[in-house]
Amino acid sequence: MDELRIKRAPRIETEIIVSGDKSISHRAVLIASLANGPCVLRGFSPSTDCTHTVEAMRSLGIKIERPEPEVLIVHGKKRKLSAPNEPINCGNSGTTMRLLAGLLAGQSFKTRLVGDDSLSKRPMRRIVEPLRLMGAQIEAEGEHDTAPLQIEGAALHGIKYTSPVASAQLKSALLFAGLFAKGKTTVLEPVATRNHTELMLNYFLVRTQRDEEGVSVFGDYVPESRDFSIPGDISSAAFWLVAAAAQPGGHLLVREVGLNDTRTGILGVLVRMGAQVREAIEDVEQVEPRGIVEVTGANLKGTVIQGKEVPQLIDELPILAVAGALARGTTMIRQAQELRVKETDRIAAIAHNLRSMGAQVIELTDGLEIHGRAPLHGARLSSFGDHRIAMAFAIAGLFAEGETIIQDVDCVATSYPGFDKMLHEIVNPKGFRTTTPVITSLSPARAEES
Ligand code: S3P
């Protein structure tokens, strides 16, 4: 699959399930590898990013069976890891590289972490500096404090670190290092980011703490081996949620999806834009809430996305920008400068592709100003090697006159290997189940926002 061809979609009326959450899957395999026995992980993300984390842990001496693509049996070795034979390849995955760097900083052996061209351009100083404060011996050998990372392995001590960037990867790198550090490691964030690491450490009975001081982990705990079931990835569901929300009369149900409120910012935005969004949490048994989201489409209106909402929908901004182009009025995305250092410069990529389709967009240093409702036309677009850009513009193509071609779409497997199949089913709805509304009451949080 090196290009995707998309035409205008018929009305969306369907029910879907998406694969396991990528962020949660990374953390699950890392923590299970440190546990005091085997852990079965169900609903593991089939993304190539998460497979890089699995391969990394195998190279560090952990036996991981994969009887099915989405089931792992991880044989935790009580925090004992062994030196890999060669550099660990993190591929395109920033989460793999940054979280592993934290985990490896406190081992007794040397490691080298390498990545693909895109990952080798992404900022690593944000983790290198605080890890050094903990006693780590780590070098970012690339030209601009970038990968490869050379990690010597050293005795670490806990610190209290005020992070200058809202980054769950940074926070998690320090928490993983903190597991191997003497004493308590505390991270204060400028704005709250996804909390999967701290929730999962808790679930595996590692002592953590959350208070006005920030989030802390205490060193020396061995995670207790337990099974874990990973909910569907709301960041994958986001593409279909927007596709349905922007079609008056469109109706979509997503089942078994993760509804952790540090990740559901997109739902509030779609409500503000005029879509009907309902959610029902059905299960919180294993610390990560999961449930149903139901969206009914409308003529969307523009909105402003900024401030503390940004980290809660950081990965959804490309598809929300597409929603902005389909909405009447102006959509502003501000304080989202982190988009410039994702898999590509997403602000530039979104502006370029939206303009190629006929939308009016102003590129800002920290975001985008999108004047919606200019009729979109098909175009030949680049993915810029970025999975979320590829998928966001495939959805834009469902609303454009003529054919849209997205080039270089192999990157989609980075997070969502089944995307093209689902797209095909949405465009050719033969045999699709139609749905009737199933959630009859709005959840209180979302009702307040509407
Ligand atoms: C992630 C955190 C976010 C997000 C990325 C996954 C994670 O990155 O964009 O896709 O799993 O911790 P930052 O922490 O760099 O913001």
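Heads up: numbering here begins at 1 and tracks the sequence. First listed ligand is number 1; within each ligand, the first listed atom is number 1.
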Assess whether a salt bridge exists between Arg272 and Glu309, defined as any Lys/Arg side-chain N lying under 4.0 Å from an Asp/Glu carboxylate O.
yes

Should the pair Glu343-Arg388 be classified as a salt bridge under the 4.0 Å nitrogen-to-oxygen rule?
no

Do me a favour and list the nearest non-hydrogen protein atom to atom 1 (C) of ligand 1 with residue, atom name and distance?
Gln169 NE2, 3.5 Å

Looking only at heavy atoms, is any part of His26 under 4.0 Å from ligand 1, and if so is it the side chain, the backbone, or both, or is it neither?
neither

Please report which non-hydrogen protein atom sits nearest to atom 11 (O) of ligand 1, along with the residue it belongs to and the distance in Å to one decimal place.
Ser23 OG, 2.7 Å

Could Arg194 and Asp315 be called an ion pair, given the rule that one side-chain N must be under 4.0 Å from one carboxylate O?
yes

Would Ser172 count as being in polar contact with ligand 1, using the rule that some N or O on each side must be under 3.5 angstrom apart?
no

Looking at ligand 1, does any of its N/O atoms fall within less than 3.5 Å of an N/O of Arg122?
no

Would you say Lys342 and ligand 1 have an N/O pair spaced under 3.5 Å apart?
yes

Proximity of Arg263 to ligand 1 by residue part, where a heavy atom lies under 4.0 Å
neither

Parallel, tilted or perpendicular: rings of Phe228 and Phe204 (30°, 60°):
tilted

With a 4.5 Å heavy-atom cut-off, do Glu189 and Pro311 have their side chains touching?
no

Is the closest basic N to carboxylate O distance between Arg122 and Asp116 below 4.0 Å?
no

Part of His196 within contact of ligand 1 (heavy atoms, under 4.0 Å)
neither

Distance-only donor-acceptor check, side chains Arg98 and Ser167, under 3.5 Å
no

Measure the distance from atom 10 (O) of ligand 1 to every protein heavy atom, then report the residue, atom name and distance (to 0.1 Å) of the closest one.
Asp315 OD2, 2.8 Å

Thr197 side chain to Ser172 side chain, donor-acceptor N/O pair below 3.5 angstrom
yes

Ala168 N/O to ligand 1 N/O under 3.5 Å
yes

Which of the atoms of ligand 1 are close to Ile314, meaning less than 4.0 Å from one of its heavy atoms?
9 (O)

Is the closest basic N to carboxylate O distance between Lys342 and Asp386 below 4.0 Å?
no

Do any nitrogen or oxygen atoms of Arg27 come within less than 3.5 Å of a nitrogen or oxygen of ligand 1?
yes

Would Ser167 count as a polar contact of ligand 1, with the cut-off being nitrogen or oxygen pairs under 3.5 Å?
yes

